[in-house]
Amino acid sequence: MQASTLFTNGAIHTMDPERPRAEALAVDAAGRIMAVGSAAELKPLAGANTKTVDLGGRFVMPGVFDFHLHVISGMTTRLRSFAIDAGDDFAAILDHVRAAAAGKREGEWLTGSAYGARALADIESLGLDAKRRLNEASGGRPVLLIHGSLHGAFANEAALSRAGIDAATPDPTGGRIVRIGGEATGLLEENAMWIVDGAIPALGDGEIVDVAQAAVRYFNSVGVTGFVDAMSTPEMIAAFRALDDAGDLSTWAGFTLSASRTCSSWSPEAEALLARRKQACGPHMVAENAKIFLDGVPSLRTAAMLDPYPGTGGHGEMYLSPDDLFAEMAAFDRQGVGVKVHAVGDAAVVRVLDAVERVRAENGDGGPWHHIAHGQYIPHKDISRMKRLRVIADLNPPMWFVTHASLAHERVVGKERYATVWPIRTMLEAGVTVALGSDWMTIFPELDPWQALAGLLTRRDPSGKLEGVHGAHEAITLDQALPLMTRNSAAGMGLGDRTGRLAPGLSADFIVLDRDLYAVAPEHIAGTKVLKTVFEGREVHAAPA
């Protein structure tokens, strides 16, 4: 047999335990790997029509598989909104709003993402005056600013009016409209933010396809050849199906259906999609998971905690009782659908594990894998249950190193409690299946797998701008880290037999980097650039020369 393409002279790290290192890859006309080995071993596969690509001795690895992101909302924000740094104060955000308003028509929406603890403290201290200042900065245009957690927002008067929120509007289930003297301040917590978000004109069908295509190009440029959208709608799946049918989907696309009423994007159509999920997907798509939201986030004190938040009597909240969570998970499990449960606080994590225990007892141990998304506050005594119950630790966003967002969490929950979070090394040593995601776009406006990777190895801010370290004893090695962002994530979506490793029979999905990750200091990994991205054996991204 002749190879269609022979990639040779590379420092190839396959993520395949059978052959972890190689020099060359032979790829067939369908984009599948025929053989992996040395240049001499693969030379017989090169024929008269074989294209030979010299990798120039560069570091090569499978493409990154991001296990948790928000593809359409993230890309829409990147294309049509303005970025807010997590360290910006409210005055800096008002400057962003003025600049954005200058290029918008009167009455047009302005959206920005994602503000952090510093701005939130300013907004809370200003009270109703913060809403007035936002009105002035926008020139009366409706504005919605998203908190970095994606669990809160700040809206001006024009935006609240467009959404129909006034003094008589009741708090929605699972959310709060923050008020002073009965008047809405503009701060919206949890499900209340979606009332205003829902007032923003939705993307049309063609626009969604355009945003999806832009997202694919962006992902390829940073080395991503597979992703899992963490809360997916029928419209989103239809958009990616259109790309796949046109041959324009150069990434594996996993979707987590908004089939639970705990999802802000739930609809009868989303729930009905479960029954035809396989038919709805193209050849590079899977939709075998559903999403449940169980709690909120620590920065808003809505994550469910076993012990109260310091200085308060509050424990956060959970949106489903133990019986209701079990019933939902059991129903999905019976359909062969894995469940990705948003559970951040330790009380929420325990409730999920208790529910899975009951599901396995009722439905049998052979059901689909389930995921705990975030889960950074997991009680260490419960880590062993994750392995036994086949629960994947979906770890994101990358706050295992020092960031403005992680420091905000630390201030809210206390240093002692935060010192126990993100026990990644402990999980790996216990045999837990761990997969990494970015939760893009939450705390970082850009998708940057290399910054997250550097933080795994040091638990420090790779840029050096922020001091300190989060649980240095939980830092892991490069050999431990790379599978978490490649083969583990692919396998977690049921795609392990198609991608995530560079091995015979699998898709030739790989990236060529500008540096040897093993030859540089961990902090220098954060500056890694992707020179080429190859998907199914064809180049889909090349960095400018």
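Remember, predicted model here, so these are calculated numbers, not experimental data. Along the sequence shown, residues carry numbers from 1.
Here CG of Asp88 is found 13.0 Å from OH of Tyr115. Values are rounded to the nearest 0.5 Å. Here Arg515 contributes atom CZ and Thr528 contributes atom OG1; the two are 4.5 Å apart, rounded to the nearest 0.5 Å. Remark: Ile378 CD1 to Met427 CE distance equals 4.5 Å, nearest 0.5 Å. Rounding to the nearest 0.5 Å gives a distance of 10.0 Å between CG of Asp295 and CZ of Phe293. If you take CZ on Arg261 and CG on Asp324, they are separated by 12.5 Å, rounding to the nearest 0.5 Å. Within the model, atoms CZ of Phe154 and CG of Leu145 stand 7.0 Å from one another, a figure rounded to the nearest 0.5 Å.
Although no hydrogens or angles enter the test, the distance criterion places a donor-acceptor pair under 3.5 Å between the side chain of Asp229 and the main chain of Val71. Using a distance-only test at 3.5 Å, with no hydrogens or angles considered, a donor-acceptor pair links the side chain of Arg58 to the main chain of Asp514. Although no hydrogens or angles enter the test, the distance criterion places a donor-acceptor pair under 3.5 Å between the side chain of Asn363 and the main chain of Ala330. In this structure a side-chain-to-backbone donor-acceptor pair under 3.5 Å is missing from Ser258 to Trp266. When atom types are taken as modelled, the side chain of Tyr309 and the backbone of Gly414 share no donor-acceptor pair closer than 3.5 angstrom. No side-chain donor-acceptor contact under 3.5 Å links Ser232 to the backbone of Leu257. Formation of a donor-acceptor pair under 3.5 Å by the Thr533 side chain with backbone atoms of Ile511 is not found in this model. Between the side chain of Trp400 and the backbone N or O of Ala452 there is at least one donor-acceptor pair closer than 3.5 Å. Thr14 contributes no side-chain N or O that, together with a main-chain N or O of Arg501, makes up a donor-acceptor pair within less than 3.5 Å. Under the 3.5 Å distance criterion, the side-chain polar atoms of Asn396 are left unmatched by any main-chain donor or acceptor of Leu436.
Looking at Asp333 and Val339, their side chains never come closer than 4.5 Å, going by heavy atoms from C-beta outward. Contact of the Arg301 side chain with the Val412 side chain is registered, since non-hydrogen atoms from C-beta on lie closer than 4.5 Å. Side-chain contact between Ser260 and Met329 is absent, with no heavy-atom pair separated by less than 4.5 Å. Residues Thr499 and Pro62 are not in side-chain contact: their nearest non-hydrogen atoms beyond the backbone lie 4.5 Å or more apart. Under the 4.5 Å side-chain criterion, counting only non-hydrogen atoms from C-beta, Phe510 is not in contact with Met15. Under the 4.5 Å side-chain criterion, counting only non-hydrogen atoms from C-beta, Trp450 is not in contact with Lys529. Two residues are said to be in side-chain contact when any heavy atoms from C-beta on lie closer than 4.5 Å; Arg459 and Ile424 meet this criterion. In this structure the side chain of Ser507 never reaches within 4.5 angstrom of the side chain of Arg498, judged on heavy atoms.
Between Leu457 and Ile476, the closest heavy-atom pair is CD2-O, 3.2 Å. Taking all atoms of both residues into account, the shortest heavy-atom contact from Ala117 to Ala408 is CB-CB, 3.4 Å. Asp307 and Met305 make their closest contact through O-CB, 3.2 Å (heavy atoms, listed as atom of the first residue, atom of the second, distance). Between Ala481 and Leu456 the shortest heavy-atom distance is CB-CD1, 3.9 Å. Closest approach of Ser489 to Ala435, counting heavy atoms only: OG-CB, 3.5 Å. The heavy-atom pair separating Met399 from Ala405 by the smallest distance is SD-CB, 3.3 Å.
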Legend entry - side chain to side chain contact (heavy atoms under 4.5 Å, CB included) evaluation trace for Tyr377 with Val350: CA-CA 10 Å; Tyr377 291 85; Val350 170; over 6 Å; no
Inset, instruction - Decide yes or no on side chain to side chain contact (heavy atoms under 4.5 Å, CB included) for Glu357 and Leu353, but give the supporting numbers first. - result: CA-CA 6 Å; Glu357 191 108 43; Leu353 292 174; over 6 Å; no
Inset, instruction - Kindly determine whether His470 and His409 satisfy ring pair (Phe, Tyr, Trp, His ring centres under 6.0 Å), including the steps that lead there. - result: CA-CA 12 Å; His470 290 323; His409 277 212; 9.8 Å; no
Inset, instruction - May I have the step-by-step check of side chain to side chain contact (heavy atoms under 4.5 Å, CB included) for Ile372 and Ile392, ending in yes or no? - result: CA-CA 6 Å; Ile372 291 180; Ile392 297 172; over 6 Å; no
Inset, instruction - Take Phe444 and His404 through the ring pair (Phe, Tyr, Trp, His ring centres under 6.0 Å) test and state the conclusion after the steps. - result: CA-CA 10 Å; Phe444 295 114; His404 288 293; 9.4 Å; no
Legend entry - Step-by-step side chain to side chain contact (heavy atoms under 4.5 Å, CB included) determination, Thr8 to Leu55: CA-CA 6 Å; Thr8 190; Leu55 296 169; over 6 Å; no
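If you look at Phe240 and Phe255, their ring centroids are closer than 6.0 Å. The distance between the ring centers of Tyr218 and Trp440 falls below 6.0 angstrom. Taking the six-membered ring for Trp and the full ring otherwise, the centers of Phe227 and His70 sit at least 6.0 Å from each other. For Phe65 and Phe219, the ring centers are positioned 6.0 Å apart or more.
With no hydrogens or angles considered, no side-chain donor-acceptor pair links Gln376 and Tyr418 at under 3.5 Å. Side-chain polar atoms of His147 and Glu189 form no donor-acceptor pair below 3.5 angstrom. Of the N and O atoms on the side chains of Trp252 and Asp509, at least one donor lies less than 3.5 Å from an acceptor on the other residue. Using modelled atom types, one finds no donor on one side chain facing an acceptor on the other under 3.5 Å when comparing Thr256 with Asn289. Using a 3.5 Å distance cut-off with no hydrogens or angles, the side chains of Ser38 and Glu23 do not pair a donor with an acceptor. Checked by atom type, the side-chain pair Thr477/Asp479 shows no donor-acceptor distance below 3.5 Å.
A salt bridge links Glu539 and Lys532; the closest N-O separation between the charged side-chain nitrogens and carboxylate oxygens is under 4.0 Å. A salt bridge does not link Arg351 with Glu317: every distance from a Lys NZ or Arg NE/NH1/NH2 to an Asp or Glu carboxylate oxygen is 4.0 Å or more. Under 4.0 Å is where a charged nitrogen must lie from a carboxylate oxygen, and between Asp354 and Arg385 at least one such pair does. Ion pairing between Arg417 and Asp346 fails under the 4.0 Å rule for side-chain N and carboxylate O. Ion pair Glu467/Arg460 not flagged as a salt bridge, since none of the NZ, NE, NH1 or NH2 atoms sits closer than 4.0 Å to an Asp/Glu carboxylate oxygen. Ion pairing between Asp323 and Arg358 holds under the 4.0 Å rule for side-chain N and carboxylate O. Ion pairing between a basic and an acidic side chain is recognised when a charged N comes within 4.0 Å of a carboxylate O; Arg176 and Glu190 show no such pairing.
Figure legend: Lys340 and Phe67 shown as a cation-pi pair, the cationic atom lying under 6.0 angstrom from the six-membered ring centre and within 45 degrees of its axis.
Note: His13 and Phe59 have parallel aromatic rings, judged against thresholds of 30 and 60 degrees for the angle between ring planes.
Here the rule is side-chain hydrogen bond (donor to acceptor under 3.5 Å, both in side chains) with Asp394, and of His371, His68, His374 only His68 fits it.
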